[in-house]
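To keep things clear, I will list the structure first and then write my remarks on it.
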Amino acid sequence: MKTDFNVANTIRRPVSGAQAPPFTSDEPIRSTSATQIILPPTAIVYCQGNFAKADGKTANGLVRHSEAYRILSVIDSDHDGKDSGLVLDDTVNHIPVFRSLDAAVVHEAVIPDTLIYGMAPSTGRLSSTDRDVVLDAISLGMNIVSGLHEYLGDDPEIASFAAERKVTIRDIRKPKPNKGMRLFDGSIAGVKALRIAVLGTDCAIGKRTTATVLARALNSRGIKTVLVGTGQTGLMQGAKYGVAMDAVPPQFCCGELEGAIVDASESERPDVILIEGQGALSHPAFCTSAFILRGSQPDAVILQHAPKRAHRCDFPNMPMPKPASEIALIEAFADTKVIGVTLNHEGMSEAEVTDTIAAQSQILGLPVTDVLSRPASHLLAMVVAAYPGLHHSTPVAAI
């Protein structure tokens, strides 16, 4: 069945399809047996010195949302004894923070299944202190998950010890061999779902969080949505479709992302496909946003911005761009339209958030909201205002 939608200045084609809803982290994964329940593996997230900071974005994301792992605790001695939800979002989530791996393990009745390396340092590499923690976790029989550019499974010491202890190492960013990679072939044109990319003015600015919240909101209204991950954290969280873009050779980036979107469309038949952004199109240190725009060819873009961030992450001499300039660049680079702006309220008071939403909305002529401090309905309204024909039917499970 094909449904035509009324569109407000953005869409280039009709939208159709339906999706089997993905499972949520609030419900156990159920097997085909009526008597067996399979729970996600338990995990401790290591984020020493970086939780609730930009370099701790992997831990931050996993604490907020995880389908693939049941997060038990976070390791960061700077916040020892605190509730991670209070530290991160001023909301209790009952996931404690401990000073060390030993303290986190002692807190549990049994050894957790997994240690997740929850940081994304600019070096992409393991420090000597971090290495000791990884080896200690392996000695306890814990599997290791890492999103570093340095592949722990290729490290002779770590790999040998893991084999000895019969545990697995999962290197999220390790790509498949080039011979198995996909070149762009234009099949994205056959995808009927509305495609929305969540891009930003910097890295580690909240694009993935915005995409996750939006997917939940759309699904809750019966607008069936799939989120395609493009980075290590989204894949760790359990994104069913996606690729770690910054680990793929440039020749294959557009094709690999196109393939993930086509797979999501054919397998799930969603109404909406959300594409997680990476970096920023204007950022000279990253090229992933360009590949995302080319590979996904989105109908629309939502832009994430941190008004109080003075400079780009890890680049103190590189001032942040204004939302208007990023919007102009995106719309010049791709055949798409920015339909709204979402804020990262780091360093902002409640009054500043309110004032900024009002001011930026007037300046840009677009809806503006803060995903974490304002109701998700505001974000949903942003999309429905641009695409009023999106149908509302029976709610489905949010991702």
Side-chain angles (χ1 to χ4, degrees), residues 21-31 36-48 50-52 56-76 79 83-85 87-89 93-98 100-101 103-120 130 133-134 136-138 140-148 151-153 158 162 165-174 208-209 211-213 215-216 227-244 276 397-399:
F23 64 85
T24 75
S25 57
D26 298 324
E27 300 176 358
I29 307 170
R30 300 185 182 275
S31 71
Q36 184 181 17
I37 296 176
I38 303 173
L39 294 172
T42 56
I44 293 172
V45 184
Y46 177 71
C47 194
Q48 176 56 39
N50 283 289
F51 185 61
K57 66 177 184 178
T58 297
N60 303 343
L62 289 166
V63 162
R64 288 181 175 130
H65 171 76
S66 177
E67 296 174 2
Y69 300 94
R70 184 158 58 95
I71 307 302
L72 301 178
S73 61
V74 175
I75 298 171
D76 185 349
H79 299 288
D83 180 276
S84 62
V87 174
L88 191 60
D89 297 317
N93 65 5
H94 304 292
I95 299 175
V97 184
F98 293 105
S100 66
L101 176 62
V105 169
V106 166
H107 185 260
E108 306 300 331
V110 298
I111 302 292
D113 301 307
T114 309
L115 178 76
I116 300 176
Y117 186 87
M119 294 180 282
D130 298 345
V133 174
V134 169
D136 286 345
I138 293 173
L140 294 171
M142 297 175 70
N143 299 313
I144 305 297
V145 176
S146 169
L148 292 170
Y151 307 137
L152 302 190
I158 293 174
R165 297 292 298 170
K166 295 181 172 58
V167 301
T168 62
I169 297 174
R170 183 185 177 202
D171 284 306
I172 300 294
R173 271 193 169 119
K174 189 171 186 177
R208 184 195 63 257
T209 297
T212 300
V213 172
R216 287 173 171 168
L227 173 56
V228 173
T230 58
Q232 76 274 15
T233 306
L235 298 177
M236 287 183 192
Q237 287 175 321
K240 188 175 179 182
Y241 302 93
V243 57
E276 174 196 7
I399 67 165

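No donor-acceptor pair under 3.5 Å is formed between the side chain of S66 and the backbone N or O of L62. With hydrogens and angles disregarded, no donor-acceptor distance shorter than 3.5 Å links the side chain of D136 to the backbone of V134.
A search for side chain to side chain donor-acceptor pair (under 3.5 Å) contacts involving R165 returns nothing, not counting sequence neighbours. Looking at residues two or more places apart in sequence or on another chain, you find a side chain to side chain donor-acceptor pair (under 3.5 Å) between T42 and D113. Under the side-chain contact (heavy atoms from CB on, under 4.5 Å) criterion, N143 pairs with T114, V167, T168, sequence neighbours left out. Contacts of D171 classified as side-chain contact (heavy atoms from CB on, under 4.5 Å), with partners at least two apart in sequence or in another chain: S146, Y151, L152, I169, K174. Checked against side chain to side chain donor-acceptor pair (under 3.5 Å), N93 has the following partners two or more places apart in sequence or in another chain: S84. With sequence neighbours left out, I111 forms a side-chain contact (heavy atoms from CB on, under 4.5 Å) with V105, L140, M142. Shown here are the side-chain contact (heavy atoms from CB on, under 4.5 Å) partners of N60, two or more places apart in sequence or in another chain: F51, R64, L88.
A 4.5 Å side-chain heavy-atom check between Y69 and I116 finds at least one atom pair inside the cut-off. A 4.5 Å side-chain heavy-atom check between I138 and I144 finds at least one atom pair inside the cut-off. The closest side-chain heavy-atom distance from F98 to S73 is below 4.5 Å. For the pair I95/D83, no side-chain contact is recorded, criterion being any heavy-atom separation below 4.5 Å from C-beta on. Between D130 and M119, the closest side-chain pair of non-hydrogen atoms falls below 4.5 Å.
Contact detail for A239 and G229: the closest heavy-atom pair is CB-N, 4.2 Å. Nearest heavy-atom pair across I75 and L115 is CD1-CD1, 4.4 Å. G118 and V45 get closest at one heavy-atom pair: CA-CG1, 3.8 Å. A pairwise comparison of heavy atoms in C47 and G56 identifies SG-CA, 3.7 Å as the closest pair. Across P112 and E108, no two heavy atoms sit closer than the pair CG-CG, 4.0 Å. Closest non-hydrogen pair, G242 versus V228, comes out as CA-CG1, 3.9 Å.
The CD1 atom of I44 sits 5.5 Å away from atom CG of L101, with the distance rounded to the nearest 0.5 Å.
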N/O donor-acceptor pairs under 3.5 Å from side chains in residues 230-238, not counting sequence neighbours:
| unit_1 | atom_1 | unit_2 | atom_2 | d |
| --- | --- | --- | --- | --- |
| T230 | OG1 | E276 | O | 2.6 |
| T230 | OG1 | Q278 | NE2 | 3.0 |
| Q232 | OE1 | R173 | NH2 | 3.1 |
| T233 | OG1 | T58 | OG1 | 2.9 |
| Q237 | NE2 | G61 | O | 2.8 |
| Q237 | NE2 | H65 | O | 3.1 |

Review point. Hey, mind stepping through R170 and I172 against side-chain contact (heavy atoms from CB on, under 4.5 Å) and telling me if it holds?
Key: CA-CA 6 Å; R170 183 185 177 202; I172 300 294; 3.2 Å; yes

